[in-house]
**Q** 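Shown below is the structure under consideration.
So you know, we letter chains A, B, ... as the sequences are listed, proteins then strands, and number each from 1.
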Amino acid sequence: MIKEGDRLKKTENYLQTLNEPQREAVLHGGGPLMIIAGAGSGKTRVLTFRIAHLIENGVDPFRILSLTFTNKASGEMRQRIEAEVGTEARNIWMGTFHSVFAKILRIEARYLGYTSDFSIYDTDDSKSLLRSIIKEFNLDDKVYKANVVYNRISGAKNRLISAEDYLNNAIIQADDEAAKMKEIGRIYKTYATRCFQANAMDFDDLLFNTNILFRDFPDVLYKYQHKFQHVMVDEFQDTNVSQYLITRKLSAVHRNICVVGDDAQSIYAFRGANIENILNFEKDFPDVRTIKLEQNYRSTGTIVNAANSVIARNKSQLKKETFTKNEEGVLIDVIKAGSDNEEGRLIATAIFEEKMQKALRNENFAILYRTNAQSRSFEEALRKLGIKYRIIGGMSFYQRKEIKDLLGYLRFTVNQRDEEAFKRIINLPKRGIGDGTVAKIAVTASEQQIAIWDVVSNSGYYIGGRLAGPIDQFATLIKSFKLLIEEGKDAYEIAAHIAKTSGILRELYEDKTVEGLSRYENVQELLNGIKEFVDSDANEDKSLSAFLQSVSLLTNADEPDENEDHDRVTMMTIHSAKGLEFRNVFVVGLEEDLFPSQMMLESRQDLEEERRLFYVAITRAEQKLSFSYAESRYQWGRLKMCEPSRFLLEVDPKFLNVTKMLQTGPERPGAESSGTSFVRNLTPRKPSEPRNMVSAAAHTPSSDFSPSDTSNLTEGDKVEHMKFGFGTVIKMDINGTDRKATVKFDTVGDKTLLLSFAKLRILK
DNA sequence: AGATCAGGCATTTTT
DNA sequence: TGCCTGATCT
């Protein structure tokens, strides 16, 4: 326990390390406060100290609500506060909007007609439910695409528009009519009903229902309004209407609301984030104290100024002048590559050299791109140079089939009304219950007006015949799992038992392929994660239900730690890079239509948000920044010629070092070349590949490529390249047979490199 | 019920 | 190009 005297000293100590506006933000006692915090302005330090300061001045941690954007950010902040004030920090209500309000909904579920064991549907579950509704309505799924419908409904929920409101809103109906999707309202309504019947909430419901809860049950609102003496919101620029209304209501009694954000970094409008929230905050709270943190401690002068020169072009923004007292630093390298593959190689080489010259570590570097699909060429290049990397994003651990399968069992064990979990596991592993039978169960349930589980658990009565056997087995299995919950077993004990007993683990264990092994390991990894959850002191509730609630809100930024070595180059989208910083940053793929994204320009016409995204990317760099773009790129297996991005051209040229541009032209179709290769590493085709193909790898003097082929291609076969066409058919002679192949190649200087996969087929 | 195959379609970002 | 879906066969 820290003594009172020590505490005071500590406060004084950290206050001395702050600049004037930072200190004011920390010391601001009550009343609304808005902190506009530029990139790298020590925002997290201020928030941390502010909360620590409140606690040191006698505010009960239980009465502080602190909302952050990611689980990771909240975890880190909690740790830092703990370092200041000790274990009391654990009692702060801190987390993402979704996790905090899921927790509250869990406590108050009965008010809304849910049980506290409600399931949380992830995006996949939601879309799958939508697909089945669209099918049941006999609508054309090419017109009513699950994705589009989902986004429409999600957008409505984020603006607090219920299904009834949606149907009654003339403007929305006219919109849908114009888009030839006038049934969306009906779909929305059925979707909401089905979610409710399934005792399930989707991501948006967690916020939507919290609003309903606070609107319709004043007693509940009263309780939390009085409970939370201080409400803090980080990344305020990325909150949507639904989130904002919750925080406004919660802070209406004590009026101690502190929002922290940077309008220049608002990049989630596509998800309903409303930049107006930050621009209008002063209207909602006329007595707000606004503090601007404008000094950047993170980056060099060049980087800060370049970022400012970009964002200055945006019209809608608050006035703010970010500056730094750091040294000017080096110019921003601009790297021009002929192709995406060359871009990969140039960046990898640049990292390699920089690492050697400056004695840096891999973890000092980050490669930031607009879309996840761009990671491929960098992966290949880094691997070739033996540089370790990690990719954040893409297919999340929790989206893998095997993980969702086991979670499906866990969910259904906790909540037998969970329709999506049911569909997932009813025939897994295969137990002879096909689509037909599942449909029969569903029809019976709706005809008899009973729950699916009632049909399943009494299949002898409702279904009968030979189908009853396997269904009954399934029901017995689930009943035995439910028993474990009633016995009060913890999440790990139950999950481990289910993994074994359900046959999931056995099926994966018997799969000896590389993929099978890795799936098996993933399931083990999930079990480890559950064990950690149960063992952690931070979690009081160790029930399976509590675990499921927490796990469904994890994101790919919260993957289980690959504990091993941390020293890796980080690759991720710019969106995932928010809040992070790296010594050296590469912003890649700066091509028109890619960044700014063509889709964004077509659908939302919002160049400003794209520009803010660029701003976020630039300001991640501490010491050195590089931009790169390719003059041609593979997209959908096709070659595409690219223009440098308008954003790249917007950067004030005095900050740029363009001498690094490589003087090679773009890849051009028709470049002539010839050579000989020998087939090596002949591997059997994967089951998913077409029957008449065999994977093989050949070797050329300059590089590697791997053709796949039909017939009697054997190791040691001589392969002759007659001519290279770029991404076009080339003729080869293998064992006297003519083949056609698609080959990817790259031109560097005057050299032609064969780069990657070629599919060979016999020419007919 | 499950395996196989052909054809269509997609690629923006994520709590 | 490669993945997913739905139709068709066993």
**Q** Starting at atom CE of Met599(A), determine the distance to atom C1' of dC9(B), rounded to an integer number of angstrom.
**A** 12 Å
**Q** Within this structure, what is the CZ-to-P distance between Arg376(A) and dG2(C), rounded to whole angstrom?
**A**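 Distance, rounded to whole Å: 10 Å.
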**Q** Nearest to the side chain of His98(A), heavy atoms from C-beta on, is which of dT11(B), dA1(B), dT15(B)?
**A**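 Of all the options, the side chain of His98(A) is nearest to dT15(B).
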**Q** In whole angstrom, what separates Lys401(A)'s NZ from dC4(C)'s P?
**A** 12 Å
**Q** Please give, in whole Å, the distance from dT14(B) P to Gln399(A) CD?
**A**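 Checked: the CD to P distance equals 10 Å.
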**Q** Quick check on DNA chain B: between Lys145(A) and Asp204(A), whose nearest nucleotide comes earlier from the 5' end?
**A**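 Mapping each residue to its closest nucleotide by heavy atoms, the 5'-most match is Lys145(A).
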**Q** Phosphate oxygens OP1/OP2 of dT14(B): is one of them under 4.0 Å from a side-chain N or O of Thr123(A)?
**A**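 Negative; the distance criterion is not met.
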**Q** Select base, sugar-phosphate, or nothing to describe what Tyr268(A) touches, counting heavy atoms under 4.0 Å on all strands.
**A** sugar-phosphate
**Q** Report the distance from atom CZ of Phe647(A) to atom C1' of dT13(B), rounded to the nearest whole Å.
**A**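 Taking atom C1' of dT13(B) as the reference, CZ of Phe647(A) is at 14 Å.
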**Q** In whole angstrom, give me the gap between the C1' atoms of dT5(C) and dT12(B).
**A**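 Roughly 24 Å separates the two C1' atoms.
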**Q** Quick one: label Ser99(A) by what it contacts on the DNA or RNA (base, sugar-phosphate, nothing), any heavy atom closer than 4.0 Å.
**A**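 Here Ser99(A) touches no strand at all.
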**Q** Considering residues at least two apart in sequence or located in another chain, which fulfil the side-chain contact (heavy atoms from CB on, under 4.5 Å) criterion with Asp140(A)?
**A** Lys142(A), Val143(A)
**Q** Applying a 4.0 Å non-hydrogen cut-off, can you work out what Asn427(A) is touching in the nucleic acid: base, sugar-phosphate, or nothing?
**A**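 Since only primed, P, OP1 and OP2 atoms lie under 4.0 Å of Asn427(A), the category is sugar-phosphate.
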**Q** Considering the options Arg646(A), Lys640(A), Arg370(A), which one meets the salt bridge (Lys or Arg N to Asp or Glu O under 4.0 Å) requirement together with Glu592(A)?
**A** Arg646(A)
**Q** Just checking, Lys404(A) and Tyr398(A): is the charged tip under 6.0 Å from the six-membered ring centre and within 45° of the axis?
**A** no
**Q** Please state how far atom CZ in Phe69(A) lies from atom C1' in dT15(B), giving the value in whole angstrom units.
**A** 6 Å
**Q** Between dA10(B) atom C1' and Lys640(A) atom NZ, what is the distance in whole Å?
**A** 14 Å
**Q** Does the side-chain ring of Phe270(A) sit on the six-membered ring of the dT13(B) base, less than 5.5 Å centre to centre and under 30° in tilt?
**A** yes
**Q** Return the nearest nucleotide to the side chain of His575(A); candidates are dT12(B), dT14(B), dT15(B).
**A** dT14(B)
**Q** Looking at dT13(B), dA1(B), dG2(B), which one has an atom nearest to any side-chain atom of Lys430(A)?
**A** dG2(B)
**Q** Give me the atom names and distance for the closest heavy-atom approach of Lys157(A) to Tyr191(A).
**A** NZ-CE2, 3.5 Å
**Q** Report yes if a side-chain nitrogen or oxygen of Thr437(A) is closer than 4.0 Å to either non-bridging phosphate oxygen (OP1 or OP2) of dA1(B); otherwise report no.
**A** yes
**Q** Any idea which heavy atoms bring Ile574(A) and Leu613(A) closest together, and the distance?
**A** CG2-O, 3.4 Å
**Q** Where the side chain of Thr573(A) is concerned, which of dT13(B), dT12(B), dT11(B) is the nearest nucleotide?
**A** dT13(B)
**Q** For the side chain of Arg271(A) and the base of dT13(B), is some donor closer than 3.5 Å to an acceptor across the two?
**A**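 Such a pair does not exist between side chain and base.
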**Q** Does dT14(B) have OP1 or OP2 under 4.0 Å away from a side-chain N or O of Lys578(A)?
**A** no
**Q** Base, sugar-phosphate alone, or nothing: which one does Lys142(A) contact when heavy atoms must sit under 4.0 Å apart?
**A**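 Answer is sugar-phosphate: Lys142(A) comes under 4.0 Å of backbone atoms only.
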**Q** Starting at the 5' end of DNA chain B and moving along, which residue's nearest nucleotide shows up first, Glu610(A) or Arg431(A)?
**A** Arg431(A)
**Q** When we call it a touch if two heavy atoms are under 4.0 Å apart, what does Asn372(A) touch: a base, just sugar-phosphate, or nothing?
**A**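 Sugar-phosphate contact only - Asn372(A) comes under 4.0 Å of backbone atoms but never of a base.
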**Q** In whole Å, measure the gap between the C1' atoms of dG2(C) and dT11(B) for me.
**A** 12 Å
**Q** Would you say the rings of Phe236(A) and Tyr244(A) are close, in the sense that their centroids are separated by under 6.0 Å?
**A**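 Aromatic pair counts; centres sit under 6.0 Å.
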**Q** Please report, rounded to the nearest Å, how far the C1' atom of dT13(B) is from the CG atom of Asp238(A).
**A**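 Result: 11 Å.
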